[in-house]
Protein chains: 2
Amino acid sequence: MTTQQLTKNQGLVFDVLSHSDSPLSAYTILDKLRDNGFRAPLQVYRALDKLLEFGLVHRLESINAFVACAHPNEGCHNHGITAFTICETCGKVTEFHDHVIEDRLKAFAKDRNFKTGKTTIEIRGTCAGCA
Amino acid sequence: MTTQQLTKNQGLVFDVLSHSDSPLSAYTILDKLRDNGFRAPLQVYRALDKLLEFGLVHRLESINAFVACAHPNEGCHNHGITAFTICETCGKVTEFHDHVIEDRLKAFAKDRNFKTGKTTIEIRGTCAGCA
DNA sequence: AATGTGAATGTAATGTTATTACATCAATTG
DNA sequence: CAATTGATGTAATAACATTACATTCACATT
């Protein structure tokens with residue numbers, strides 16, 4: 001999935017997220033795109049829904065915010081479960097993938113016949129630079 | 001931590017959560033406690049803050065809802081990172097603790113000098129009974 | 001070029017979740 | 001008893017997200 005097949009609104013939203021050094025809320029994105037004709041939250045949420053679907057963007061559940069994927073050209077969906085550290089001081093987000101954790105969670109779910117949908121792993125704290 | 005040293009509001013909120021078979025939103029709790037004199041969201045949020053602090057209740061970040069801890073008498077804070085499966089059909093939540101996952105996350109954080117605060121692990125999907 | 005279809009968009013209104021601000025009350029302690 | 005601290009009550013507002021409905025755009029088929 002490259003960024004070329006995105007629609008205008010999807011492209012604008014992805015661009016804003018890509019150029020941000022910290023996660024953004026939907027309403028912050030909206031404000032940044034007012035000059036581009038955005039008027040309503042739904043324009044942002046609809047674009048985000050598609051970007052999430054494409055694996056170009058991640059939603060950080062614990063802070064109600066969105067970040068561009070760290071490796072959008074590869075399609076993040078290929079990498080299995082995505083985990084994040086989120087610095088509560090500077091907002092810096094680091095995305096990582098750990099197959100051991102993934103296997104462990106899968107095994108737990110399998111043992112209980114739990115059919116896994118989306119998995120969230122988020123570590124909030126303080127990054128090295130802010131400590 | 002037993003339930004005895006809770007204040008009136010904390011006790012009421014904990015009671016509602018304890019008797020629910022699925023997670024509840026703050027506003028749902030508020031509605032259930034109207035007859036007990038609750039009038040405003042803040043009464044619920046303040047009680048929840050304390051219950052979270054005591055380890056008697058967990059917040060499910062991915063669905064903006066709250067559940068009573070599965071083993072409140074032991075103080076969940078003693079069990080390290082808490083993970084959950086959340087059935088999107090029936091709402092059933094299962095709490096579990098996995099030291100391998102915990103060690104792995106701790107190691108990742110340590111490697112990057114990331115000071116870990118709260119960690120969220122939530123698997124949403126479909127439970128065995130709903131499949 | 002006209003038409004049909006599905007995806008994307010525009011807009012308003014509303015619903016849901018959470019916090020700020022400020023006043024009051026209750027328990028404890030010096 | 002005064003002072004402090006934690007809990008509570010209440011109103012207002014902020015922040016996040018969805019529903020509903022009308023319109024437009026892209027594109028395939030005729």
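Chain letters run A, B, ... following the sequence lines, proteins first and then strands; every chain starts at 1.
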In terms of the nearest nucleotide of DNA chain D, which residue is placed more toward the 5' end: A:Pro41 or B:Gly37?
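Closer to the 5' end of DNA chain D: B:Gly37.
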
Contact nearer the 5' end of DNA chain D, comparing A:Ala26 with B:Gln43:
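First, find each residue's nearest nucleotide; the 5'-ward one identifies B:Gln43.
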
Strictly distance-based, threshold 3.5 Å: is any side-chain N or O of [X] a donor or acceptor partner for the main-chain N or O of [Y]?
X	Y	result
A:Glu88	A:Arg124	no
B:Glu61	A:Glu61	no
B:His97	B:His79	yes

Specify the separation, in whole Å, of atom [atom1] of [X] and atom [atom2] of [N].
X	N	atom1	atom2	value
B:Leu24	C:dA18	CG	C1'	17 Å
A:Leu30	C:dT9	CG	C1'	14 Å
A:Leu33	C:dG10	CG	P	11 Å
A:Leu6	D:dA26	CG	P	15 Å
A:Tyr45	C:dG15	OH	C1'	12 Å
A:Gln10	C:dA8	CD	C1'	8 Å
B:Phe38	D:dT8	CZ	P	8 Å
A:Gln5	D:dC25	CD	C1'	18 Å

Phosphate-side-chain proximity, [X] and [N], N/O vs OP1/OP2 below 4.0 Å:
X	N	value
B:Asn9	D:dA7	no
A:Lys50	C:dA8	yes
B:Arg59	C:dA18	yes
A:Thr7	C:dT9	yes
B:Asn64	C:dT16	no

Got a donor-acceptor pair under 3.5 Å from the side chain of A:Tyr27 to the base of D:dA14?
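Such a pair does not exist between side chain and base.
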
Classify the side chain of B:Arg46 versus the base of D:dG6 as yes if they form a donor-acceptor pair under 3.5 Å and no if they do not.
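Result: no qualifying N/O pair found.
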
If each of B:Asp49 and A:Arg39 is mapped to the nucleotide of DNA chain C with the nearest heavy atom, which maps nearer the 5' terminus, i.e. the 5' end?
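The residue closer to the strand's 5' end, by nearest nucleotide, is A:Arg39.
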
In this structure, is the centre-to-centre distance between the rings of A:Phe84 and A:His58 below 6.0 Å?
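When the ring centroids of A:His58 and A:Phe84 are compared, they turn out to be within the sub-6.0 Å range.
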
Closest heavy-atom pair and its distance - A:Ala47, A:Gln10
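What the structure gives for the nearest pair is CB-CA, 3.9 Å.
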
Minimum-distance nucleotide to A:Leu42 side chain [options: D:dA17, C:dT11, D:dA11]
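From the listed options, C:dT11 comes nearest.
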
